[in-house]
2 protein chains.
Amino acid sequence: MGKLREPLNLLYGDNCALPLALEAMGERWSFMILRAAFNGVHHFEEFQQELSIARNILSNRLSKLVDHGIMAREVMAEDRRKVRYELTEKGLELLPAMIALRQWGEKWGAGVPSTPVLVDVRDEQPIGAVTITAHDGRPIGHKELVWKHRSELQPLGQARARTDERMAPVAAE
Amino acid sequence: MGKLREPLNLLYGDNCALPLALEAMGERWSFMILRAAFNGVHHFEEFQQELSIARNILSNRLSKLVDHGIMAREVMAEDRRKVRYELTEKGLELLPAMIALRQWGEKWGAGVPSTPVLVDVRDEQPIGAVTITAHDGRPIGHKELVWKHRSELQPLGQARARTDERMAPVAAE
DNA sequence: GAGCTGAGTTGCATTTTGCAACCTGCATCC
DNA sequence: GGATGCAGGTTGCAAAATGCAACTCAGCTC
C-alpha cells in the first residue's frame with residue numbers, strides 16, 4: 001500500500017461529511033453507474049453496454065459501491081451465472097444529490113433536454129428543482145445563507161420541529 | 001493528444017445533463033475546492049493549505065473551474081501578486097448539489113457532525129434537508145417517482161406554474 | 001460434453017496524481 | 001535601487017488509476 005491517494009475522509013473527517021461522501025461517490029464513473037442503476041439497470045453487461053465503460057473499471061467500481069453499501073450484489077437463484085446489482089436505501093438516498101447535479105448541468109450546459117425525466121407518479125408532472133430550504137421548508141438562495149459553527153448555534157425554540165419528515169436535519173446531533 | 005478519457009458529455013450528451021455536470025465537477029478535488037470556496041477561501045495558498053492538495057493539481061483544477069465558468073480569476077489591483085478566485089453565479093448554483101452530497105455523507109457516514117453548518121440569515125436556524133419535490137413543492141421520496149421519456153409527458157394543465165421561481169424546471173423546453 | 005453466456009480477471013500501454021524542488025513577477029525594506 | 005520575501009504558479013519524476021483487448025471460468029443449454 002503506497003501512501004498516495006490518502007482517503008479524503010481521513011484528512012477532513014472531523015469537520016465535514018463531504019469528503020466522506022466523495023470517498024464513495026467522487027470518482028469519474030460512480031455517478032454514471034448510479035444513474036444507470038436508477039434507470040433500472042441491474043446487470044454487469046447492461047452497465048457495460050449502457051456506459052461504454054471498461055470492464056475492469058466497472059468491476060472495480062461496482063465492488064466499491066457494494067463495499068460502501070450503496071449497492072447490493074446478489075447472485076440470482078434461477079441462473080447462478082447472473083448477478084443482480086440493486087440500489088440499497090443508502091444508494092437510493094443519493095437521488096437528491098444526483099438530480100441536483102443533473103439539473104445544474106441542464107441549466108448551465110448548452111440547453112440539454114435530459115431524457116428520461118423524473119415525474120411524480122401521482123400526476124405524471126416532472127419534478128421541481130432541487131433547492132436549499134430553511135428549516136420550515138421555505139426555499140432560500142445562497143444570498144440568504146451564512147456559515148455558522150456548530151457551537152454558536154441558537155438554542156432553538158419551537159422553530160426546529162417538522163424538519164425531519166424526510167431525513168435527519170443537518171443540525172441533528 | 002491520446003484518445004483516452006473521452007469527455008463523458010460527448011458520449012452521452014444527447015439524453016442527459018449529468019455527464020456534462022460531471023465533466024466539470026466529477027474530479028476528486030473539485031467538490032472540495034468548491035466547498036472551500038463556499039467557506040470563503042479565495043487565494044491559491046489558502047486553498048493549498050486548507051485542502052493539503054498538491055500545488056500542480058490545485059493549479060490545474062482551478063484553471064478548469066475557471067474554464068468551465070464556475071470560478072472567476074482576478075488579479076488583485078492593490079497587490080498584483082495576488083489572485084482572487086471567486087465563485088460565479090454558475091458556481092454558486094452548485095450549492096444544492098454540494099449540500100445534498102454532504103447531507104448524505106452526514107446521514108450515512110459514522111455520525112459526523114459537520115462544521116461549519118449553513119444557517120438561514122434570518123433566524124440563524126440550520127437549513128433543512130435537500131429533497132426532491134413535486135412541481136408544486138411538496139417533497140416526494142424515490143418510491144413516488146418514475147422515469148418518463150420527454151415525449152410521453154402530459155400536455156400539462158395549469159399545474160406547471162410557479163415551479164420556476166428559483167430555477168428553470170426540469171422539463172422546461 | 002461442446003458450445004454459449006454472464007461476470008469477471010490479467011497484461012500492458014497511456015494518463016493522471018502526488019511530491020518536492022524550482023521559477024518568476026511584484027512588493028517591501030533598508 | 002539592490003537584497004529579500006512572497007503569491008502563484010511550473011517542471012521532473014515516481015506511483016497509481018484508467019483504458020483496452022484478450023483471456024478465464026463457473027454455470028447453463030442442447
Side-chain angles (χ1 to χ4, degrees), chain A residues 1-12 19 22-33 36-37 41-68 71-86, chain B residues 1-8 10-12 19 22-33 36-37 41-67 71-86:
Chain A
M1 300 271 191
K3 63 175 168 170
L4 227 55
R5 204 96 186 212
E6 193 86 28
L8 287 170
N9 55 343
L10 289 183
L11 293 165
Y12 297 96
L22 291 175
E23 204 54 44
M25 293 300 303
E27 271 159 315
R28 187 173 160 81
W29 285 105
S30 306
F31 267 104
M32 291 302 291
I33 291 173
V41 169
H42 292 288
H43 296 282
F44 190 93
E45 302 290 334
E46 287 175 342
F47 282 110
Q48 207 277 314
Q49 282 174 32
E50 172 98 1
L51 302 176
S52 304
I53 180 179
R55 304 175 68 81
N56 53 348
I57 306 298
L58 176 58
S59 175
N60 180 279
R61 289 303 174 277
L62 284 172
S63 300
K64 268 188 194 169
L65 290 172
V66 169
D67 288 349
H68 280 104
M71 288 208 183
R73 188 194 127 106
E74 183 197 5
V75 177
M76 297 187 78
E78 72 270 29
D79 183 346
R80 295 170 40 70
R81 285 173 304 184
K82 291 191 183 175
V83 172
R84 184 180 172 88
Y85 289 95
E86 188 110 36
Chain B
M1 297 275 190
K3 62 175 168 168
L4 228 55
R5 203 101 184 207
E6 193 88 26
L8 287 171
L10 289 182
L11 294 167
Y12 298 95
L22 290 175
E23 204 54 43
M25 293 301 302
E27 272 160 316
R28 186 172 159 82
W29 285 104
S30 305
F31 266 104
M32 291 301 292
I33 292 173
V41 168
H42 292 288
H43 297 282
F44 189 94
E45 303 289 335
E46 286 175 342
F47 282 109
Q48 206 276 315
Q49 282 174 33
E50 172 98 359
L51 303 176
S52 304
I53 180 180
R55 303 176 70 79
N56 53 348
I57 305 298
L58 176 58
S59 175
N60 179 279
R61 291 302 173 277
L62 284 172
S63 300
K64 269 189 192 167
L65 290 172
V66 169
D67 289 350
M71 288 208 183
R73 188 194 128 106
E74 183 196 6
V75 176
M76 297 188 78
E78 72 269 31
D79 183 345
R80 296 172 39 70
R81 284 172 305 183
K82 293 192 182 174
V83 172
R84 185 181 172 88
Y85 289 96
E86 188 111 36

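All chains are named by letter (A, B, ...) in the order of the sequence lines, taking the proteins before the strands, and each is independently numbered beginning at 1.
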Undergrad: Tell me whether the side-chain N/O atoms of A:Trp29 come closer than 4.0 Å to OP1 or OP2 in D:dT18.
TA: no
Undergrad: What is the distance, to the nearest angstrom, from the CD1 atom on A:Ile33 to the P atom on C:dA7?
TA: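 That distance rounds to 14 Å.
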Undergrad: Nearest whole Å is fine: how far is C:dG25 P from B:Phe44 CZ?
TA: 17 Å
Undergrad: With side chain to side chain contact (heavy atoms under 4.5 Å, CB included) as the test, would you mind laying out the steps for A:Tyr85 and A:Val41 before giving the verdict?
TA: CA-CA 8 Å; A:Tyr85 289 95; A:Val41 169; over 6 Å; no
Undergrad: Given atom CG of B:Asn56 and atom P of C:dC22, what is their separation to the nearest angstrom?
TA: 16 Å
Undergrad: In whole Å, I'd like the distance from the CD1 atom of A:Ile57 to the P atom of C:dG8.
TA: 14 Å
Undergrad: If I take atom CD in residue B:Glu50 and atom C1' in nucleotide D:dA7, what distance separates them, rounded to the nearest angstrom?
TA: 18 Å
Undergrad: Does OP1 or OP2 of C:dG6 have a side-chain N or O of A:Tyr85 closer than 4.0 Å?
TA: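 No, no such contact exists.
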Undergrad: Tell me, which of residues 59-67 of chain A have any heavy atom that sits under 4.0 Å from an atom in DNA chain D?
TA: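 Within residues 59-67 of chain A, the residues near DNA chain D are A:Arg61.
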Undergrad: Is any side-chain N or O of B:Arg28 closer than 4.0 Å to OP1 or OP2 of C:dT16?
TA: no
Undergrad: With sequence neighbours excluded, what pairs up with A:Lys82 under the side chain to side chain donor-acceptor pair (under 3.5 Å) test?
TA: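 Residues passing side chain to side chain donor-acceptor pair (under 3.5 Å) with A:Lys82: none at all.
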Undergrad: Grab the two heavy atoms, one from B:Ala36 and one from B:Leu51, that are nearest each other, plus how far apart they are.
TA: CB-CD2, 4.4 Å
Undergrad: Quickly work out the A:Leu58 CG to D:dA17 P distance and round it to whole Å.
TA: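 Taking CG of A:Leu58 and P of D:dA17, I get 17 Å after rounding.
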Undergrad: So does A:Arg73 get a side-chain nitrogen or oxygen closer than 4.0 Å to the phosphate oxygens (OP1/OP2) of C:dG8?
TA: yes
Undergrad: In whole Å, I'd like the distance from the CG atom of A:Leu22 to the C1' atom of C:dT17.
TA: 16 Å
Undergrad: Summarise protein proximity over nucleotides 22-30 of chain D in one line of letters, 5' to 3': B for base, S for sugar-phosphate only, - for none, counting protein heavy atoms closer than 4.0 Å.
TA: B----BS--
Undergrad: For A:Glu45 and A:Arg55, run salt bridge (Lys or Arg N to Asp or Glu O under 4.0 Å): C-alpha distance rounded to whole Å, both residues' side-chain angles, the deciding distance at 0.1 Å, then the answer.
TA: CA-CA 9 Å; A:Glu45 302 290 334; A:Arg55 304 175 68 81; 3.0 Å; yes
Undergrad: Between the side chains of A:Arg73 and A:Glu86, is the shortest nitrogen-to-carboxylate-oxygen separation below 4.0 Å, so that they form an ion pair?
TA: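 No, A:Glu86 and A:Arg73 are not salt-bridged.
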Undergrad: Knowing that exactly one of B:His43, B:His42, B:Arg81 qualifies, which makes a side-chain contact (heavy atoms from CB on, under 4.5 Å) with B:Met76?
TA: B:His43
Undergrad: Hey, could you give me the CD1/CE distance between B:Ile33 and B:Met71, rounded to the nearest 0.5 Å?
TA: 6.5 Å
Undergrad: D:dG8 phosphate, OP1 or OP2: any side-chain N/O from B:His43 under 4.0 angstrom?
TA: yes
Undergrad: Check this for me, if you would: do A:Glu27 and B:Arg28 make a salt bridge, where the nitrogen-to-carboxylate-oxygen distance has to be below 4.0 angstrom?
TA: no
Undergrad: Can you confirm whether B:Phe44 sits close enough to B:Ser59 that some side-chain heavy atom of one is under 4.5 Å from a side-chain heavy atom of the other?
TA: yes
Undergrad: Specify the separation, in whole Å, of atom CD1 of B:Ile53 and atom P of D:dG9.
TA: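 Value for this atom pair: 13 Å.
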